[in-house]
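Protein chains get the first letters and strands the later ones, always in sequence-line order, with residue 1 at the start of each. All values below were derived from every heavy atom in this structure, side-chain atoms included, with hydrogens, water molecules and symmetry-related copies excluded.
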Amino acid sequence: MGQAVQQPILRNGYRLYMLLFFVFLAAPLVAAGVFAFNDSMFPSLPWRGFTLDWFFSDVDPKIGMFHDRRLLRGLYYSFVIGSMVAALSVFVGTCNAFLFVRYDFRGKNFFYILMILPLVIPGVILGISILAMASNLANGVERSFGIELELLRPGIFLVVLGQFSFITTISSLIITARLKKFDSSMEEAAYNLGASRARVLRTVTLPFLRPAMIAAAIVAFLVSFENFNTTLFLVGSEAPLTITMYDRMVKVGSTPVLNAVSFFLMLGSALLALVSVLIQRDKSDQS
Amino acid sequence: MTSDAKKLSLLLLFIPFALWIALLIVLPHIGMFELSLKEKIAPRVYEYSLANYKNFVTEPIYWNTLLRTGGVSLLVTFLALLIGFPVAYYIAKVAGKRSKGALFLLCLIPLWVSDLIRAFGWILLLRETGVISTALQASGLIDGPIEFLYNDATVVMGLVYTVVLFMIVPLVSTLDGMDNEMIEAGYNLGGNGFTVLRRIIIPYAMPGIVAGCIVVFMLSAGSYLTPILLGGKNSSWFTEQIYDQFITRYNWESGAAFGFVLLIFTSFVVWLGLKLSGQTLSSTVAKS
Amino acid sequence: MNTSTSVPDLECHQISKNFGSVQAVDQVSFDIPPGSFFSILGPSGCGKTTLMRMIAGFESPSNGDIRIKGQSVLGTPPNKRNVKMVFQHLALFPMMNVYDNIAYGLRCNGVKRADIDRKVGDVLERVALPDLAKREIHQLSGGQKQRIAIARCMVLDPDVLLLDEPLGALDLKLREAMKIELKLLQHQFNTTFVYITHDQSEALVMSDHVAVMNEGRFEQIGTPQTLYHKPATSFVAGFVGESNQWRGTVVDSTTDSISVDVGTGFKAIATPPPGAGLASGSAVTVFVRPEHISVDRAHHAAADASAKTNELSGTIDSLLFNGANSRVLVRDLTGELIEADITLTGGLDDPKPGESVRLSWHAASALCF
């Protein structure tokens, strides 16, 4: 172990630093979560007792999050968008992994950099560029053919495309890393044992990739769920949860129902993140 | 596999990639660039010109905002590295086997909490009627309520908070791959703590450091919620200007020009960072 | 099956393979009679893996023909050839348990469920691991994995089983045990095994016949004894077993004896390779195995000196003690080190470093190419 931290004073100092860091990390999250249970009209001290009203109450003025139509609708849209983005980006990410691990072609390095690029483009710019192109296309179609392409106006479809545009990079990287670890003699072994190419893919290669694909889907879902910058420009009337919350925060100010939503989201994303970490850890036991 | 079948499968795999990159990345950016070169001279009549860029250069408030965004983001990146490196080193090299996994998990789980919730949490802590102000009053340390929000220090702190985990995670993975014996050999050959850090640990961790810095810088420069919510409506963040042009003024041409300027600016900083550290995009970001 | 001339399980006829300008396999021909253990021995990069991959069907030869049970398989894809392969790192499927690994090939062939159960049970019985069906792969020991990898192939009743250095990843002790076990398994299944290795002891211990391969060509095919005692080429003499080697030029030759000037004033008398008359002046290498050299103390006049045609004197440089396989390193007058086998009893009579000794060996055990 690091000899630099052998002396007790330094070691305890280091530990204190770590403690402070984790307090720093946790403080706002705790604040955002804990006031969901305060029996008060405002998310602030003093503590007026424990309540679950901000989750379940259906009486004005304390409308709990599970009775708040707009928040529930936001949650639903977030869920739909997240699922679509996860499915699409895992599909394309898997194709990309095979493309870049298994094949050699001209300009491979250039295309690989193109694949990483969306990760270093600010989300705002992805949002406006896709918005501009979609509107341009929709206007053009309308002018030339007189058809209104509702799909290319801000709405769920554009939000999905916008998020997909950079989340695919993340899922590609996760799945590529796993595929690189694959011992391709396993495919040859299956082929040698009499399996067809399709069967090899279905019974050997894809099962090997499954943990990475699930982890990529979870990460894609979480990133989609929390995304704000790209979504902001592409959103139509079907606003996902983060946009609805932001709206509420700016227009109504902070109310404990937002704490309830925050708590709910943190719990959900923590559980999903835990699942994805455990799934990925599983592979180290197997190899 | 015969070579024809191989070519066909290559083509089939290339199609989704090409559609994704062409339709969602390359074409929109070309379109945005074209849009930024247009000037509205009458309703529904446009002309190509550099007016939008001229506008950006001649209005000091715009480029000042950009420089401020860039400068603050660099500061945030530096602070995130300064704060994050010891944490990553502790997790990767100092912590015991058991606590290591637990600590790393503690860092991974909040990674996916929305910026909005983080900023919301800080607002509850820092505002005039917030937890810290109330607690300080109750303890008698201060007499009246204090507003901690809406100043630059809070914005920087909030940004560092939002991005520091994106610094720590790649650093932990890089440092984890480093052989402990390398550090011990460094001491064994007569190095002290500082030289070992400077000559062995930091050069080894360079890809992780650069990866973390790039991601953190981009997240900071491209962030919208944290500066607005913690810094108030006049926090002068460049993304806010873009939003303003696009949504409030509905001046898409100018907004596109601003977007393009931001893209060039951030790409330049990333490029400079890669050149100075002698790394490449695929050796850093792709690994994390 | 009562044909008087049995068809070889595997025949390779003049097969070659080139990757671009690199000739990986160069006109190799051989055939393997049914039920034998055949090894291909060669240094890494000699083309043996390419040869094996062509037999399995993962590569197609540039020239020549491969026949299994008399039928050419050139147009047959790997999954339709009745040639099964045990991979270097075994390539067991980690996401399936032992049963599913073994059943994999049967399922691919559409074998009925009940038959699969019976066959998997049978083959596990035969590799002496009857209770392991439900185990996960990562729960197995190295030796068990080895046997499951073989069982996975043998359950399909292949005409030929290919093994690509499967012992390479094992530790020394286990490797020794697995050598014997593989040989026994081969006997039991009575299937043709083609075994690829760079380790000569694996090849010599297990095989009925060994082919020594170098730079894409077969140097010699023969029983292990033939390869060891009657190597056909200088490569085989140097690669199989250990030898002391001297380079020199021929000064005099007859049909059964040859004398070579190795340039240090020492004239070695050796046996020339059969059929190849080496003319005076040609450059040759003389090979003498350490066990053929006798070591005598210099002051003892060698009693049977007349019978040994080669003699050298030197001093003992060091003793390499290894039980029954102990060696002595002798430095001759020109400073070259020569290895010879000796018996070290641990008694006072053992030779010690610094002593002068006389080395001698028969011309018959000195081979020259």
Would you mind telling me which of [options] has the largest number of heavy-atom pairs within less than 4.5 Å of chain A?
| options | result |
| --- | --- |
| F33(B), F260(B), Y161(B), W252(B) | Y161(B) |
| P16(B), P86(B), A256(B) | P86(B) |
| L225(B), L263(B), T239(B) | L225(B) |
| D115(B), L27(B), I83(B), T266(B) | I83(B) |
| L19(B), L103(B), L126(B) | L103(B) |
| I123(B), I242(B), V26(B), L35(B) | I242(B) |

Which region of [X], side chain (C-beta onward) or backbone (N, CA, C, O), has a non-hydrogen atom less than 4.5 Å from a non-hydrogen atom of chain A, or is it both or neither?
| X | answer |
| --- | --- |
| Y243(B) | both |
| I247(B) | side chain |
| I21(B) | side chain |
| V270(B) | neither |
| I132(B) | neither |

[X] vs [Y] side-chain heavy atoms within contact, under 4.5 Å:
| X | Y | value |
| --- | --- | --- |
| F105(A) | L10(B) | yes |
| F120(B) | P28(A) | no |
| F258(B) | I128(A) | no |
| W112(B) | V219(A) | yes |
| L13(B) | R102(A) | no |
| Y246(A) | I228(B) | yes |

If you take all heavy atoms of [X] and [Y], which pair is closest and at what distance?
| X | Y | result |
| --- | --- | --- |
| G222(B) | P122(A) | CA-CB, 4.0 Å |
| L124(B) | A31(A) | CD1-O, 3.6 Å |
| S165(A) | L24(B) | CB-CB, 3.9 Å |
| E226(A) | V113(B) | OE1-O, 3.4 Å |

Which one, [options], leads in non-hydrogen pairs under 4.5 Å with chain B?
| options | answer |
| --- | --- |
| L265(A), I174(A), T168(A), V261(A) | T168(A) |
| A273(A), S129(A), A132(A), A32(A) | S129(A) |
| I130(A), N109(A), L272(A) | I130(A) |
| N136(A), T242(A), L131(A) | L131(A) |
| R15(A), M18(A), M133(A) | M18(A) |
| L271(A), N227(A), L258(A) | L258(A) |

- Message: I'd like to know whether the aromatic ring centres of F14(B) and F111(A) sit less than 6.0 Å apart in this structure.
- Response: yes

Could you grab the distance from atom [atom1] of [X] to atom [atom2] of [Y], nearest 0.5 Å is fine?
| X | Y | atom1 | atom2 | answer |
| --- | --- | --- | --- | --- |
| S269(A) | I117(B) | OG | CD1 | 7.0 Å |
| L201(A) | S9(B) | CG | OG | 10.5 Å |
| L165(B) | L25(A) | CG | CG | 5.0 Å |
| Y224(B) | F228(A) | OH | CZ | 6.0 Å |
| L114(A) | I25(B) | CG | CD1 | 9.0 Å |
| L108(B) | S276(A) | CG | OG | 7.5 Å |

Quick one: what part of [X] sits under 4.5 Å from any heavy atom of chain B, side chain, backbone, both or neither?
| X | value |
| --- | --- |
| T169(A) | both |
| M249(A) | side chain |
| A27(A) | both |
| F98(A) | both |

- Task: Using the six-membered ring wherever Trp is involved, compare the ring planes of W122(B) and F24(A) and label them parallel, tilted or perpendicular (cut-offs 30° and 60°).
- Result: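 If you compare the ring of W122(B) with that of F24(A), the planes turn out tilted.
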
- Task: Dump the intermediate steps for side-chain contact (heavy atoms from CB on, under 4.5 Å) on F246(B) and V124(A), then the final yes or no.
- Result: CA-CA 11 Å; F246(B) 251 83; V124(A) 177; over 6 Å; no

- Working for ring-ring contact (aromatic ring centres under 6.0 Å, His included), residues F100(A) and F17(B): CA-CA 10 Å; F100(A) 286 101; F17(B) 171 79; 5.3 Å; yes

